[in-house]
K.L.:
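Have a look at this one before I ask anything.
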Amino acid sequence: MTKRITILGSTGSIGQSALEVVRRYPNALSIAGLAAHSNIDLLLKQIDEFKPDWVAVSDPHAAHQLSESISIPRLFVGPEGLEELASQQVDVVLCGIVGAAGLPSILSAIENKNRVALANKEPMVMAGNLIMDAARHHNVEVLPVDSEHNAIFQCLQGHNIDDVHKIHLTASGGPFYRSSREVLKNVTPEEAGNHPTWDMGAKISIDSATLMNKGLEIIEAMWLFDLPLEKINVVIHPQSIIHSLVEFTDGSILAHLGVTNMTLPIQFALTWPNRVKSPMARLDLTTMPEITFAAPDFSQFPCLAMAMEAARTGGTAGAILNAANETAVAAFRDHTIPFLGIEETVKSVMKTSTFEPVDTLEGVLEADREARQMAKDVIRSRSMA
Ligand code: MG
């Protein structure tokens, strides 16, 4: 039986890796739907190769361009188009859209009983309770693709979550693990985007440099595995060979090791509960570097501490943290604010925000909009100072 897959964000880093996995197994996996934002040139190539039944393009101008160049059985347009595509019946919807933009389509997939493979963590940080409540209500699995969470998911196979003492999320530490705060002041977007062990999209590379990525991953893990903050630990592991660990109540620790290639977790999520043979380069145990661990330095990377505080606060704190961070990262990439301006912006927005419970999608999207505006105001007043 061929599994039919829809990929949201097919032209991004995760999307392209997912298509590489689908390309490996033409008899087991096929593409039912593809969604992209505006990269029409690449999307056209993907349509030509994978022949999807449905395509969604969230940027209306780009959708128009696409419809002029090719005829597609069904083309869904605009942000609502993503939701429509996600609602079409398939075996797995893989969500690889960067940032908050992916949230409505994830809920749409779940409400239409589509299993979700979740690669983008922002929706979970914003509205993990809404996503997991919907998943329970519709009896749908949400499978983690984020490498750490996929590692934990693999370590948990055949185990009971009640037997977990702690999970240990590994962090490479990013490109500035050993840099002084003085050096961090002058970091450029190009330097921050250059991750030492993983080849990833631009936004997540910056998040890895501030360690905000690990903070968002803590919140993601709390929702995915239904664990309290106290049971989640972050450990710096610069070699990125162990992708995370689960420590059980009896003291046993299981770890997941592998090469740093996103096709590995993507493949496990797409083929789960089965494993299939991979042509990928393997980890060579006898030639790999020495494995080391260290505790994170919260004073060097306050974004990690702010994310933990948001996790403790709950409600819209996650959405507000995420919105402020997305806005600040975009401003840093535009050279509008310096690297340390990211943490300053997030700190300022978190300090002046009030937090509410997350009850509805509309409510959380409103909190997201307000926090983005607040972050823009902080950035504007900062650049005028
Ligand atoms: Mg990760």
K.L.:
Could you give the distance from CD1 (Ile218) to CG (Leu216), rounded to the nearest 0.5 Å?
P.N.:
9.0 Å
K.L.:
For Glu247, does its backbone N or O pair with a side-chain atom of His168 as donor and acceptor, under 3.5 Å?
P.N.:
no
K.L.:
Do the ring planes of Phe153 and Trp272 sit parallel (below 30°), tilted (30 to 60°) or perpendicular (above 60°)?
P.N.:
tilted
K.L.:
Indicate the atoms forming the closest heavy-atom contact of Ile97 with Gly9, along with that distance.
P.N.:
CG1-N, 3.9 Å
K.L.:
Identify whether the distance between the nearest side-chain nitrogen and carboxylate oxygen of Arg136 and Asp133 falls below 4.0 Å.
P.N.:
yes
K.L.:
Kindly determine whether Asp377 and Arg380 satisfy salt bridge (Lys or Arg N to Asp or Glu O under 4.0 Å), including the steps that lead there.
P.N.:
CA-CA 5 Å; Asp377 293 343; Arg380 196 172 308 121; 3.3 Å; yes
K.L.:
Please report whether the ring centroid of Phe293 lies less than 6.0 Å from that of His237.
P.N.:
yes
K.L.:
Does Glu20 pair with Arg23 as a salt bridge, N-O distance under 4.0 Å?
P.N.:
no
K.L.:
Is there a side-chain contact between Ile31 and Ile7, using heavy atoms and a 4.5 Å cut-off?
P.N.:
yes
K.L.:
Would you confirm whether Asp59, through its side chain, and Ala62, through its main-chain N or O, come within 3.5 Å as a donor-acceptor pair?
P.N.:
yes
K.L.:
Hey, are Ser10 and Gln46 close enough side-chain-wise for a donor-acceptor pair under 3.5 Å?
P.N.:
yes
K.L.:
Would you say the side chains of Thr263 and Arg24 form a donor-acceptor pair under 3.5 Å?
P.N.:
yes
K.L.:
Would you say the side-chain atoms of Glu309 pair up with the backbone N or O of Ala317, donor to acceptor, closer than 3.5 Å?
P.N.:
no
K.L.:
Could you walk me through whether Leu254 and His159 pass the side chain to side chain contact (heavy atoms under 4.5 Å, CB included) check?
P.N.:
CA-CA 11 Å; Leu254 299 189; His159 294 278; 3.5 Å; yes
K.L.:
So which atom in Gly318 and which in Ala310 form the shortest heavy-atom distance, rounded to 0.1 Å?
P.N.:
N-CB, 4.4 Å
K.L.:
Looking at Glu148 and Lys214, is there a salt bridge between them, counting it only when a charged N and a carboxylate O are closer than 4.0 Å?
P.N.:
yes
K.L.:
For Asp226, does the CG atom have more than 12 heavy-atom neighbours from other residues, nucleotides or ligands under 6.0 Å away?
P.N.:
no
K.L.:
Determine the interplanar angle of the Phe225 and His149 rings, folded into 0 to 90°, and report it as parallel if under 30°, tilted if 30 to 60°, perpendicular if over 60°.
P.N.:
parallel
K.L.:
Taking Gln239 for its side chain and Thr292 for its backbone only, find out whether a donor-acceptor pair lies under 3.5 Å.
P.N.:
yes
K.L.:
Looking only at atom types and distance, does a side-chain atom of His195 sit under 3.5 Å from a main-chain N or O of Thr197, one as donor and one as acceptor?
P.N.:
yes
K.L.:
Taking CD in Gln157 as the centre, count heavy atoms belonging to other residues, nucleotides or ligands within less than 6.0 Å. Is the count above 12?
P.N.:
yes
K.L.:
Quick one: pull up CG in Leu304 and CD in Glu343 and give me the separation to the nearest 0.5 Å.
P.N.:
11.5 Å
K.L.:
Do Phe176 and Phe339 have ring centres separated by under 6.0 Å?
P.N.:
yes
K.L.:
Within the 3.5 Å criterion, strictly below it, is a donor on Asn114 or Gln89 matched to an acceptor on the partner's side chain?
P.N.:
yes
K.L.:
Can Leu19 be reached from Val98 by stepping across I, L, V, M, F, W or Y side chains whose heavy atoms are under 4.5 Å apart?
P.N.:
no
K.L.:
Do you know which two heavy atoms are closest between Trp54 and Leu85, and how far apart they sit?
P.N.:
CB-CD1, 3.5 Å
K.L.:
Is Thr352 reaching over with its side chain to a backbone N or O of Ser348, donor-acceptor style, under 3.5 angstrom?
P.N.:
yes
K.L.:
Determine, stepwise, if the pair Ile5 / Leu270 fulfils side chain to side chain contact (heavy atoms under 4.5 Å, CB included).
P.N.:
CA-CA 8 Å; Ile5 317 280; Leu270 294 184; 3.9 Å; yes
K.L.:
Donor-acceptor pair, Gln88 side chain versus Glu84 backbone, under 3.5 Å?
P.N.:
yes
K.L.:
Quiz question: by atom type and distance under 3.5 Å, do the side chains of Arg178 and Gln300 form a donor-acceptor pair?
P.N.:
no
K.L.:
Looking at Asp207 and Lys203, is any side-chain nitrogen of the basic one under 4.0 Å from a carboxylate oxygen of the acidic one?
P.N.:
yes
K.L.:
For side chain to side chain contact (heavy atoms under 4.5 Å, CB included), just list the numbers for Ile70 and Leu75, CA-CA rounded to whole Å, side-chain angles, deciding distance to a tenth of an Å, and then say yes or no.
P.N.:
CA-CA 11 Å; Ile70 195 172; Leu75 176 64; over 6 Å; no
K.L.:
Just by modelled atom types, is the Asn274 backbone N or O under 3.5 Å from a matching donor or acceptor in the Thr271 side chain?
P.N.:
yes
K.L.:
If you count every heavy atom of other residues, nucleotides or ligands that lies below 6.0 Å from Lys113 atom NZ, does the total exceed 12?
P.N.:
yes
K.L.:
Does a salt bridge link Glu366 with Arg369, judged by any charged N lying under 4.0 Å from a carboxylate O?
P.N.:
yes
K.L.:
Examine distances only and state if a side-chain atom of Ser17 and a backbone atom of Met262 form a donor-acceptor pair shorter than 3.5 Å.
P.N.:
no
K.L.:
Keeping Asp284 on the side-chain end and Thr286 on the backbone end, is there a donor-acceptor pair under 3.5 Å?
P.N.:
yes
K.L.:
Answer yes or no: are there more than 12 heavy-atom neighbours, outside His335 itself, under 6.0 Å from its atom NE2?
P.N.:
yes
K.L.:
Please step through side-chain hydrogen bond (donor to acceptor under 3.5 Å, both in side chains) for the pair His37 and Ser58, ending with a clear verdict.
P.N.:
CA-CA 5 Å; His37 179 58; Ser58 55; 2.8 Å; yes
K.L.:
Would you check if there is a donor-acceptor pair between the side chains of Glu190 and Asn194 at a distance under 3.5 Å?
P.N.:
no
K.L.:
Is a side-chain donor-acceptor pair under 3.5 Å present for Asn322 with Lys121?
P.N.:
no
